[in-house]
Amino acid sequence: MGTILDQFGRPAGERFARAVNRDTSRGLVFNRRDDSIRKLIPACDRRALAALSRKVVFNTGPARACITQKAQLTIQESFMPRYHGEDASAGLAAMDWLEDVYFSEFDYIQSRQWRPFWETVSKAIDRDGEAFLLKTVRPGDGRHAITAIPAYRVRSDSPSYILGGENDGARLDDGVGYDAAGRVVFYRVFTSDTDFEDIPVERMVHIFDQDFSEQRRGYPAFSHALSDILQGLHSKELEVLRQILCSSVLLLNRGTRTPQSTDAGFEGAVNSTTGQEMTREQVAPGIYYLNSGSEIDAFQQKTPGRIWQDFQEALVQEAVTGAGWCGELVGLSPKQGTASRAELVRARLSVRNRFRTLSEAAI
């Protein structure tokens with residue numbers, strides 16, 4: 001799950017969103033070349049980051065909680081109608097109409113209502129790096145409607161130029177079409193593996209957090225820490241495996257006469273931690289026999305321990321902080337005093353920024 005592939009399906013070990021080379025002896029070696037972010041992180045790298053982010057967020061509790069909490073706190077009662085006139089009864093009727101009619105099936109394809117729809121959009125911005133909203137009309141009554149387009153469906157191969165048709169001469173790069181002046185004129189949306197449709201920019205709302213002036217596609221909120229999260233997940237899997245192996249040991253019987261593997265009902269075994277040979281009883285597989293004294297000891301598991309836990313929390317803290325969220329809200333150890341208040345302020349600012357981004361798109 002942790003391998004990033006290039007456009008040819010090969011492991012991409014040279015560059016990973018940091019414009020760096022990886023050296024086994026020196027670690028990360030940053031490239032001194034400075035260029036457009038679209039060249040430092042080309043389309044194939046951006047797609048790999050987005051695909052990996054979807055898997056990591058789905059399998060990592062703090063990352064998933066981070067984007068879910070941000071979405072829920074941003075939306076809540078946001079965008080809801082409020083009447084400020086004198087006729088209270090008319091105002092309530094208008095608010096009820098908006099709630100029951102206009103907001104009831106905002107996304108006509110999946111029949112999602114107003115608040116769940118925008119929560120999904122907010123999650124997509126953090127998880128996929130961006131969200132696409134297609135403006136359309138409802139079949140039958142012709143009412144205006146909107147539906148979300150998954151970001152992975154907006155794509156294209158290597159940069160090329162459009163020959164003929166409505167967009168003749170436009171440059172296509174990473175699913176976005178540009179005119180001669182560099183303005184966005186259409187988005188290429190794939191409806192299947194091979195079929196696509198070029199959607200005019202007037203019918204598409206593209207939402208992402210922009211960090212660079214030349215940026216035209218969004219990057220996942222955890223792009224800076226995907227490799228760290230993967231390493232933490234791998235370490236966790238190994239510790240879980242160690243725990244499973246150790247849990248199979250209930251007691252150590254240090255008897256005067258150790259049963260042999262040739263005895264009926266017994267077989268040879270090796271301690272996975274120390275490598276010591278021992279004999280295991282097939283009928284009671286949780287009891288191991290050692291020829292070193294005459295006593296029975298309770299087996300104690302002392303790993304992973306606090307050091308391992310602190311390191312795991314450090315990896316998660318860096319990921320969550322980079323995403324603009326508060327570690328305490330996703331289960332990390334609480335900080336004290338100013339540090340804790342600073343994290344809460346950071347999360348509050350993140351909610352405000354997200355609300356501004358979504359409100360601009362909603363308008």
Side-chain angles (χ1 to χ4, degrees), residues 5-9 12 15 17 35-51 53-54 106-110 117-118 120-121 124-125 127-220 223 357-363:
L5 305 179
D6 59 17
Q7 65 269 38
F8 305 107
R15 184 167 58 196
D35 210 331
S36 167
I37 191 65
R38 294 162 61 188
K39 292 184 179 180
L40 294 176
I41 307 179
C44 57
D45 283 7
R46 186 201 59 76
R47 289 196 297 268
L49 286 173
S53 176
R54 285 191 287 269
F106 192 67
D107 183 351
Y108 83 93
I109 290 184
Q110 298 188 27
F117 175 83
W118 286 108
T120 303
V121 171
I125 295 174
R127 182 189 62 243
D128 306 334
E130 56 194 345
F132 293 90
L133 307 182
L134 176 63
K135 294 182 286 186
T136 182
V137 294
R138 297 177 185 274
D141 57 13
R143 291 172 52 195
H144 291 285
I146 196 169
T147 190
I149 301 296
Y152 71 88
R153 288 174 53 186
V154 181
R155 65 181 189 272
S156 60
D157 296 328
S158 57
S160 60
Y161 287 90
I162 305 298
L163 301 177
E166 181 181 358
N167 299 311
D168 184 35
R171 184 176 185 272
L172 180 63
D173 185 10
D174 198 11
V176 182
Y178 308 91
D179 62 11
R183 295 171 299 189
V184 179
V185 292
F186 71 90
Y187 295 92
R188 176 155 293 183
V189 179
F190 276 76
T191 56
S192 65
D193 292 338
T194 56
D195 299 327
F196 60 83
E197 180 181 359
D198 290 339
I199 304 296
V201 67
E202 296 80 10
R203 293 184 54 203
M204 187 77 79
V205 179
H206 185 195
I207 315 174
F208 62 94
D209 293 328
Q210 187 163 3
D211 298 315
F212 304 90
S213 59
E214 74 275 21
Q215 183 180 347
R216 296 300 178 88
R217 297 290 299 261
Y219 305 110
S223 295
T357 300
L358 295 180
S359 60
E360 291 175 353
I363 294 174

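Only a predicted model underlies this, so the values are computations on that prediction, with no experimental measurement involved.
No donor-acceptor pair closer than 3.5 Å links the side chain of Arg203 to the backbone N or O of Leu134. Ser53 places no side-chain N or O within donor-acceptor distance of the main-chain N or O of Asp128, the cut-off being under 3.5 Å. Checked by atom type and distance alone, the side chain of Lys135 pairs as donor or acceptor with a backbone atom of Glu202 at under 3.5 Å.
One finds a salt bridge joining Asp174 and Arg46 here, because a Lys/Arg side-chain nitrogen approaches an Asp/Glu carboxylate oxygen to under 4.0 Å.
Looking at every heavy atom in both residues, Gly169 comes nearest to Tyr161 through O-CD2, 3.8 Å. Leu133 and Ile146 make their closest contact through CB-CD1, 3.5 Å (heavy atoms, listed as atom of the first residue, atom of the second, distance). Considering every non-hydrogen atom in both Ala148 and Pro150, the closest pair reads O-CD, 3.9 Å. Residues Ser36 and Glu214 share a closest heavy-atom pair of OG-CG, 3.2 Å. Scanning both residues, Arg171 and Pro159, for their nearest heavy atoms gives NH2-CB, 3.6 Å. Pro220 approaches Leu49 most closely through the heavy-atom pair CG-O, 3.9 Å.
Residues that satisfy the salt bridge (Lys or Arg N to Asp or Glu O under 4.0 Å) test with Asp198, not counting sequence neighbours, are Arg188. Asp211 is linked by a side chain to side chain contact (heavy atoms under 4.5 Å, CB included) to Gln215, counting only residues two or more places apart in sequence or in another chain.
Separating the CD1 atom in Ile207 from the CD1 atom in Ile125 is a distance of 5.0 Å, to the nearest 0.5 Å. Separating the CD atom in Glu130 from the CZ atom in Arg216 is a distance of 13.0 Å, to the nearest 0.5 Å. Distance check: Asp168 CG to Glu166 CD gives 11.0 Å after rounding to the nearest 0.5 Å. Considering CZ of Phe208 and OG1 of Thr357, their distance stands at 10.0 Å, rounded to 0.5 Å. Atom CD1 of residue Ile199 and atom CZ of residue Phe132 lie 11.5 Å apart, to the nearest 0.5 angstrom. If you take CZ on Phe212 and CD1 on Ile41, they are separated by 6.5 Å, rounding to the nearest 0.5 Å.
Considering only heavy atoms from C-beta on, Asp173 comes within 4.5 Å of Arg38 through its side chain. Side-chain atoms of Ile162 and Phe186, non-hydrogen and from C-beta on, do get closer than 4.5 Å to each other.
For CG of Asp157, the number of neighbouring non-hydrogen atoms (other residues, nucleotides, ligands) closer than 6.0 Å is 12 at most.
Between Tyr187 and His206, the ring-plane angle classifies as perpendicular under the 30° and 60° cut-offs.
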